[in-house]
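Each chain gets a letter, A, B and so on, in the order the sequences are listed, and its residues count up from 1.
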Amino acid sequence: MEYLSRLNGQQRQAVTTGLGPVLVLAGPGSGKTRVLTQRIAYLIGEMGVRPFQILAVTFTNKAAREMESRVVELVGDRAYGLTLGTFHATCARILRREAEHLPFQSNYVIFDTDDQLSVVKRALSDLNIDKKRYPPQSLLGSISRAKNELLLPDEFAPENYRDEIVKRVYTRYQEILLANNGLDFDDLLLWTARLLEDVPEVREKYARRYVHVLVDEFQDTNLAQYRLLTQLASNYRNIFVVGDSDQSIYAWRGADYRNVLRFERDFTGYQEILLEQNYRSTQAILDVAMAVIDRNPNRTHKNLSTSRGFGEKIVLHETYDDREEANYVVEKIASLVATNQANTGDFAVMYRTNAQSRLLEEAFLHANLPYKLVGAQRFYGRREIKDIIAYLRLAHNVNDEISLTRIINVPARGIGSKSLITLRAAAQKNQISPGNMLVALGSKQEQYLEHFQSRMGSVLSDFGELLAGWRKLQNELPPLALMDKIIDDTGYRSYIDDGTDEGRDRWENVMELRRLADEFKEAGLDAFLERVALVSDQDTLEGNVNVPTLLTLHAAKGLEFPNVFIVGLSDGVLPHIRSFDEPEGMQEERRLFYVGITRAKDRLFLVLPLNRSSFGYSEPVDESRFLRDIPQELIKDSGRARSRSHITRSGVLRWEKDKVPTTGKSEPLYQAGATVLHPVWGEGMVLNSRIQDDDEIVDVFFAGEGLKRLAASLAKLELKS
DNA sequence: GCATCGGATTTTTTT
DNA sequence: AATCCGATGC
C-alpha cells in the first residue's frame with residue numbers, strides 16, 4: 001500500500017472510498033488517471049475484488065492501454081481478467097456474444113463514417129430524395145443524434161417537415177444496415193443499451209458479473225452510454241465516474257453534460273470528491289486557463305492551483321499570415337532545442353481544424369525536422385487501405401454490400417455500374433444479397449446465369465469464384481495470409497504500384513497494413529477488422545518517438561506536453577465560425593481552448609496570423625475574441641509589435657531547400673537531439689540526420705551560428721553523451 | 001464500360 | 001488548392 005502515500009488527501013479519499021456511487025470532479029492535471037488506476041489496484045489488492053468483476057471504460061484505446069499498463073505495474077498479474085476498454089470496443093464484444101438476442105448476426109461488420117455516408121446516399125436514391133436539398137452529411141447527423149438518444153426509426157417523433165424526411169431516411173438507412181449485417185458506431189452503443197434494458201436475463205448476467213464499474217471522461221458520455229452504464233451498475237450500484245465539465249468538448253456528437261445531473265438524480269447517496277490540485281502546469285498557465293474559462297456562464301469557479309510556482313509568462317505572437325505562422329513555430333522549436341531549453345519530443349502544436357496541419361507539415365518538411373501527426377484519417381482514410389479492408393470485410397461477411405460496391409471493380413475487371421445494377425436486381429428477385437449471388441455464380445450454380453448477358457455473366461462468375469474462395473479460407477488462414485491471397489488474386493499490387501512515387505507510397509501503406517495484420521495471427525480476422533474499425537486518432541500516437549507532435553485540440557485531450565503551441569487564434573477558426581450562432585457552441589469552443597491551454601506544463605505559445613488563406617485566397621482576419629480575456633500581465637512582451645504594420649512578409653528565415661532523403665541502407669550515427677562538438681563552432685544540437693550517397697548529412701543548430709548542414713565525413717564532429 | 005474534362009464544393013471537431 | 005461529381009465522348 002506504499003503507493004497510497006504519494007497521493008494527496010482528496011486523491012486518497014477517492015481511491016480508498018467504500019462501496020456505492022462516486023462522482024469525482026477532476027480539474028485538468030489533477031491526477032485523474034492516477035486515481036482511476038489506483039482505485040482499480042486498490043479494489044483488487046485491498047478489497048479482495050476479483051479482476052473479472054471489474055469493468056473500466058474509456059473513450060480511446062490509448063487511454064485504455066495506458067490504464068491497463070499502470071494497473072499491471074501496481075498489482076502485476078493479479079490484474080488478469082479485468083475488463084478494460086473503450087465504450088465502443090466493449091459494446092462490440094458484448095454484441096458479438098449476445099447476437100442471438102438481436103436482429104443481426106455475430107459476424108457483423110462495423111461501418112465507419114464513409115460507409116455510413118454511402119448508406120445514406122443509397123437510402124436517398126431508394127427513396128427518390130434529392131440529395132442537393134437534403135445533404136447526406138446533415139441527414140446522417142440527425143440519424144446519429146437520434147441513435148444517441150436511443151431512438152429507433154419508429155420511435156423517432158418528427159416535429160417538422162425535415163424530420164419527416166429524416167424519419168424516412170433513417171428507416172431505410174437502418175434497413176440497409178441490417179441487410180448488410182453491418183452496424184455503425186452509434187449502433188454499438190444503441191444496441192447494447194437496448195439489449196440490457198430489454199432483455200432481463202442479459203442485464204442480470206452483466207450486472208451481476210460487474211461488481212464495480214469505473215468510467216473515465218464521464219462528461220463526454222451521451223445518453224446511450226449513460227443508460228448503458230446505469231444498466232450495468234443496476235445490481236451493485238458501485239459506479240465510479242471521473243470527469244470535468246469544463247473539458248466537455250463533444251456535445252456535437254451527442255455528449256450530454258446533463259448526465260452529471262442524471263447521475264446525481266439516479267444514484268442518490270452518491271459521494272462527491274473534488275480534485276483541484278494541479279500537478280502539471282505552472283501557475284502562469286493555470287491563470288491564463290482560468291481567465292479564459294471563467295467567462296463561461298453557469299459554471300462553478302474552480303480555483304486551479306499548483307505548487308510548481310509562477311513559471312514563465314506565456315507568449316503571444318502575431319505573424320503576417322498562416323504560412324509564416326508555421327515557420328515561426330518551427331523556428332521557435334529549433335531554437336529552444338538548440339539552446340538546450342527543451343528536447344525535440346517536448347513540443348505539441350495544436351490547431352482547431354485538421355486542414356491547418358498542412359502548412360505546419362510543410363514547414364517541418366521544409367526545415368527537415370521530423371514530426372508526428374495524430375490522426376487516424378491519415379492512414380485508415382487512404383484509398384488503398386480502405387480497399388484492402390473492404391476485401392477482407394467482404395470475405396468475412398459477404399452481405400456487406402457497401403464493401404462489395406467499393407471493390408467489385410477495383411482493380412477494374414469490367415464490372416461497371418450497369419452490371420452492378422443488374423446484379424442487385426437479380427439478387428433481389430432471388431431474395432439473396434448481391435454478395436451471396438456472386439458466390440453462387442462463382443460456385444457454378446448455373447441457374448442464376450439466366451439473369452445476365454453472357455459476357456456480363458462470365459465476368460461476374462469469375463469474380464464470384466474469387467470471392468467464394470476467400471470466404472472459404474477466411475476461417476482457415478490467418479488475416480495476413482488471407483490478405484496476401486486477395487492481393488495476389490486481384491493483382492492489387494500492380495494496380496496500385498504503378499512505378500510512380502505515389503504508387504510506391506501507396507504500396508508501402510499496404511505493407512504497413514500487412515504488418516498490423518500479422519499481429520492478429522491468434523486473434524483472427526474478427527478481431528483485426530474490429531481493431532481497424534475502432535482506431536481513434538489518439539491511438540495513432542506512437543509512444544516513444546522523440547519528435548514534436550501535431551494534433552487537433554480535440555485529439556489533445558488527456559495528453560500533456562512541456563511546450564504547447566496553439567496556432568490559428570483568429571476569430572472564425574477558434575472560435576470556429578460554425579459556432580457563432582448558438583451560445584452553447586461558443587461555450588464549447590471556449591472549453592476547447594481551455595483544454596488546449598491546460599495541456600501545457602512549462603511554456604505556452606499562442607500564435608495568430610493576421611492574414612489567412614482559404615480556398616486559395618489570403619484574407620485579413622481578426623484575432624480570436626478569447627485572447628481579449630487574457631490579462632496583459634500574464635503575457636510576455638514579445639511578438640506583439642508596437643503596430644501591426646511592422647509585421648510583414650519579409651525577413652523570414654527560410655531553411656535550405658533540399659531533396660527528400662534517399663533510401664540509404666545504414667542507420668545515421670547522429671540522432672536528432674544529440675549534442676555534438678564542432679572544432680570551429682563549438683557545441684551544437686543535432687536536429688536531423690540522414691544517409692545520403694554513402695555519407696551522412698547532419699543538420700546541426702549551433703547557438704551562435706544558427707543552422708548548419710554538414711557532411712559527417714568532412715566535418716569532424718564529435719558526439720557528446 | 002471507361003477515361004477525361006470542367007465545374008462545383010470544400011472546412012469543424014471523432015468513436 | 002485539392003478533391004469530388006457528373007456529363008460527355010470514345
Side-chain angles (χ1 to χ4, degrees), chain A residues 57-64 85-92 110-114 116-117 121 131-132 135-138 140-141 144 147-148 183-190 217 220-222 224-225 248-255 323 350-359 362 374-378 380-381 383 408-422 453 455-456 459 530-540 551-557 568 572-580 585-586 588-589 591-593 595-596 612-618:
Chain A
V57 279
T58 62
F59 274 84
T60 66
N61 291 300
K62 181 172 185 286
T86 64
F87 272 102
H88 289 86
T90 307
C91 289
I110 299 170
F111 279 14
D112 67 17
T113 314
D114 280 0
Q116 288 178 275
L117 223 45
K121 287 178 189 160
K131 68 178 174 196
K132 290 260 154 59
Q137 290 271 10
S138 97
L140 186 56
S144 176
K147 289 190 173 187
N148 288 330
L183 302 190
D184 65 21
F185 291 132
D186 301 318
D187 278 337
L188 296 173
L189 307 173
L190 168 87
E217 308 277 17
D220 287 333
T221 52
N222 60 33
Q225 285 160 328
S248 157
I249 55 176
Y250 285 109
W252 53 272
R253 71 168 198 216
R323 171 156 278 126
M350 302 173 186
Y351 36 83
R352 177 63 178 83
T353 69
N354 280 306
Q356 291 171 269
S357 74
R358 223 194 72 229
L359 285 175
E362 278 171 16
V374 182
Q377 265 311 93
R378 272 276 165 320
Y380 290 96
R383 193 180 75 208
I408 192 164
N409 203 29
V410 176
R413 51 175 74 89
I415 307 177
S417 63
K418 198 83 172 276
S419 310
L420 195 56
I421 290 167
T422 318
Q453 294 163 353
R455 230 200 41 213
M456 199 183 267
V459 219
E530 186 178 302
R531 162 67 183 279
V532 297
L534 297 180
V535 272
S536 78
D537 272 356
Q538 274 197 7
D539 300 332
T540 60
L551 74 181
T552 63
L553 288 160
H554 281 89
K557 192 163 63 138
V573 175
L574 185 69
H576 196 273
I577 191 159
R578 297 279 277 259
S579 66
F580 282 12
M586 186 59 79
E588 182 150 312
E589 296 291 304
R591 290 194 294 269
L592 193 53
F593 188 33
V595 166
R612 217 182 114 67
S613 38
S614 59
F615 307 127
Y617 299 101
S618 189

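When the nearest nucleotides of DNA chain B are assigned to Gly414(A) and Thr353(A) by heavy-atom distance, the more 5′-ward of the two goes with Gly414(A). Nearest-nucleotide mapping onto DNA chain B: of Ile577(A) and Arg413(A), the residue sitting toward the 5' end is Arg413(A).
The closest donor-acceptor contact from the side chain of Asn148(A) to the backbone of Arg253(A) lies under 3.5 Å. Looking at Asp112(A), its side chain never comes within 3.5 Å of a backbone N or O of Val532(A) through a donor-acceptor pair. Looking at His554(A), its side chain does come within 3.5 Å of a backbone N or O of Ile249(A) through a donor-acceptor pair. For Asp184(A) (side chain) and Ile110(A) (main-chain N/O), no donor-acceptor pair under 3.5 Å exists by modelled atom type.
The Trp252(A) side chain lies nearest to dT14(B) when the options are dT15(B), dT11(B), dT14(B). Here the nucleotide nearest the side chain of Arg578(A), chosen from dT11(B), dT15(B), dT13(B), is dT11(B). Among the nucleotides dT11(B), dT13(B), dC5(C), the one closest to any side-chain atom of Lys121(A) is dC5(C). Comparing dT11(B), dT15(B), dC5(C) by their nearest atom to the side chain of His576(A) picks out dT11(B). Picking from dC2(B), dT13(B), dG1(B) the nucleotide with the shortest atom distance to the side chain of Ser419(A) gives dG1(B). Taking the side chain of Ala412(A) as heavy atoms from C-beta on, and the options dC5(C), dC2(B), dT11(B), the nearest nucleotide is dC2(B).
Dashed line: the shortest gap from a side-chain N or O of Asn409(A) to OP1 or OP2 of dC2(B) is under 4.0 Å. Taking side-chain N and O atoms only, Asn354(A) has a distance below 4.0 Å to OP1 or OP2 of dT14(B). In this model, the phosphate group of dT15(B) is not approached by any side-chain N or O of Thr60(A) to a distance below 4.0 Å at OP1 or OP2. The phosphate of dT15(B) has neither OP1 nor OP2 within less than 4.0 Å of any side-chain N or O from Lys62(A). Put simply, Thr113(A) has no side-chain N or O that comes within less than 4.0 Å of OP1 or OP2 on dT15(B).
If you take CG of Leu553(A) and P of dT13(B), they are 11 Å apart, rounded to a whole angstrom. Rounded to whole Å, atom P of dT15(B) lies 20 Å from atom CG of Leu190(A). Taking atom CG of Leu420(A) as the reference point, atom P of dC2(B) lies 12 Å away to the nearest angstrom. Going from atom CG of Asn222(A) over to atom C1' of dT13(B) covers 16 Å, rounded to whole Å. Rounded to a whole Å, the CD atom of Gln137(A) is 16 Å from the C1' atom of dA8(B). Distance NE2 (His554(A)) to C1' (dT13(B)): 4 Å, rounded to an integer number of Å. If you measure from atom CZ of Arg323(A) to atom C1' of dA1(C), you get 11 Å, rounded to the nearest angstrom. Separating the CD atom of Glu217(A) from the P atom of dT15(B) is a distance of 12 Å, rounded to the nearest angstrom.
Nucleotides dT11(B) and dG6(C) are separated by 23 Å at their C1' atoms, to the nearest Å. Using P as the reference atom, dC4(C) and dT13(B) are 16 Å apart when rounded to the nearest Å.
Residues Asp220(A) and Ser248(A) share a closest heavy-atom pair of OD1-CA, 3.9 Å.
The aromatic ring of Tyr250(A) is not stacked on the base of dT14(B), since the criterion of ring centres less than 5.5 Å apart with planes inclined by under 30° is not met.
Looking only at side-chain heavy atoms (C-beta outward), Glu217(A) and Phe87(A) stay at 4.5 Å or farther from each other.
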